[in-house]
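In what follows, a single structure is set out as structure tokens and then discussed.
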Amino acid sequence: MAILVTGGTGYIGSHTVVELVQSGNDVVILDNLSNSDERVLGRLKEITGRDITFYKGDIRDRGIFEEIFAKEKIDSVIHFAGLKAVGESVSKPWEYYDNNITGTLTMLDEMRKHGVKNIIFSSSSTVYGDPDQVPVTEESPKKACTNPYGWTKSMLEQILTDMHTADSEWNVVLLRYFNPIGAHKSGRIGENPDGIPNNLMPYITQVAVGKLKELSVFGDDYDTRDGTGVRDYIHVVDLAKGHVAALKKLEPGSGLSIYNLGTGTGYSVLEIVRTFEEVNGVKIPYVIKGRRAGDIAENYASPKKAKEELGWVAENGIREMCEDSWRWQKNNPGGYAD
Ligand code: NAD
Ligand code: WQD
């Protein structure tokens, strides 16, 4: 049996495909390439030695699922496909709700029609909103989101929970990622944003490689150690391994499970900048700017539940995350075009 990985040519999906294959799983990828590059498939072959079956298609298209479920033996889905740019979601809410919600609803209907009722879903720490207390546990309340992207994650968690309540044959794992950064040690796959990056680490690596002049640090007046925002950065390979560990919660009768995937340690923006400079021997010029709308001061996970129930812990520290992000960017300044 194979695992269908939607969004499998994207940043987290591609790293997860590597870990799945290397732990002995058969994988089929479905991606519409709206935010990824088909050339990642060649890189996946270099790393794993395997040709990964790929379908180019959209999760809103029933036909592509009919084709995949007819041709492949799928027993579970790891669902990464979706739009993820927070700022863009504010200006294009319909596109975000259509892609992420209509797409997932279409997929879930096709899955149940074909008797496939096992799913791991990419959720986000964004569902905790501005938490009252850190670290956040899986029992911390979900709060109002500040943008349509966040709402799609929050709503899809609810939809999947209700699907399981109505039909206990569904096994659902909601993985709440904190801030994934880093890249595969080979330097052959990594994050490849289109245009100017929204997130901190790809912005830093593009400054380091000379594509961007300087980093804007969004606010130094938060109630944190040095006034800049604190987040729980997690190495993307550790995150990928979290999905392999979560497969055991798709065994019959597992039901609904929710896990934070983070390290449990928060770092400020300036701590990330300094660590990046130190481990890589490059300078990151920055200027302090005002706060970015919708940002919160501090968020980091309690990863205790994933450790206890899945036996999973993040192994890479912040130095490795900075080193591996830089290796990828330095070796591939133009992304997969190089
Ligand atoms: P990504 O954009 O690199 O990957 C998403 C992939 O989905 C892309 O390859 C894209 O082409 C594909 N896709 C988008 N819409 C599609 C559609 N309608 N049909 C088929 N394919 C489609 O993003 P990522 O960082 O790898 O994120 C993967 C998942 O994890 C997303 O659901 C994202 O919301 C979630 N997530 C990401 C982060 C993060 O910081 N990167 C944090 C928490 C959660
Ligand atoms: C991190 C810190 C910024 C860019 C987002 C989504 C979240 C999840 C992960 C998907 C903050 C600061 C950033 C820059 C900066 N994604 N920063 N200058 O906002 O924690 O989370 O990605 O689910 O839902 O909201 O990540 O990397 O954008 O920011 O100073 O140019 O870096 O203010 O403190 P964020 P980020």
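Values below: every heavy atom of this structure, side chains too, minus hydrogens, waters and symmetry copies. Along the sequence shown, residues are numbered consecutively beginning with 1. Ligands are counted one by one from 1 in listed order, and the atoms in each one are counted from 1 as well.
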Could you say whether the N/O atoms of [X] and ligand 1 ever approach to under 3.5 Å?
X: N35; answer: yes
X: S123; answer: no
X: P180; answer: no
X: I59; answer: yes
X: G7; answer: no
X: S124; answer: no

So for ligand 2, is V230 a polar contact partner (N or O within less than 3.5 Å, distance only)?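 N/O-N/O distance below 3.5 Å does not exist for this pair.
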
What I want to know is whether L200 and ligand 2 share at least one N or O pair that is separated by under 3.5 angstrom.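 Among all N and O atoms of L200, at least one is under 3.5 Å from an N or O of ligand 2.
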
Going from CD on E88 to OH on Y149, what distance comes out if it is rounded to the nearest 0.5 angstrom?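 E88 CD to Y149 OH: 12.0 Å, rounded to 0.5 Å.
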
Proximal ligand 1 atoms for S34, defined as those under 4.0 Å from one of its heavy atoms: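 The list of qualifying atoms is 10 (C), 11 (O), 13 (N), 14 (C), 15 (N).
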
With heavy atoms of Y149 as the reference, note each atom of ligand 1 found under 4.0 Å away.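 The list of qualifying atoms is 33 (C), 34 (O), 35 (C), 36 (N), 44 (C).
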
Do other residues, nucleotides or ligands put more than 12 heavy atoms under 6.0 Å from the NZ atom of K211?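 Check passes, neighbour count above 12.
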
Compare [options] and give the one whose heavy atom is closest to [atom].
atom: atom 25 (O) of ligand 2; options: V86, V217, I12, I296; answer: V86
atom: atom 19 (O) of ligand 2; options: R231, Q206, R292; answer: R292
atom: atom 23 (O) of ligand 2; options: Y177, Y128, Y149; answer: Y149

How would you list all residue pairs meeting salt bridge (charged side-chain N to carboxylate O under 4.0 Å, His left out) that involve residues 247-258, not counting sequence neighbours?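 Salt bridge (charged side-chain N to carboxylate O under 4.0 Å, His left out) check on residues 247-258 returns no pairs.
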
Which pairs of donor and acceptor atoms, one on a side chain in residues 16-24, lie under 3.5 Å apart (sequence neighbours left out)?
from : atom 1 : to  : atom 2 : distance (Å)
T16  : OG1    : I12 : O      : 2.9
S23  : OG     : E19 : O      : 2.8
S23  : OG     : L20 : O      : 3.1
S23  : OG     : N25 : ND2    : 3.3

Residue-level breakdown please: for N32 versus ligand 1, do any non-hydrogen atoms fall below 4.0 Å on the side chain, on the backbone, on both, or on neither?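 For N32, the contact with ligand 1 is made by both the backbone and the side chain.
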
Ligand-side contact atoms (ligand 2) for residue partner G229, heavy atom cut-off under 4.0 Å: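 Listed by number with element, the hits are 34 (O).
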
Could you list which atoms of ligand 2 come closer than 4.0 Å to a heavy atom of N198?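 Result: 4 (C), 28 (O).
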
Shortest protein contact, atom 25 (O) of ligand 1 (heavy atom only):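 Minimum-distance protein heavy atom for atom 25 (O) of ligand 1 reads K84 NZ, 2.8 Å.
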
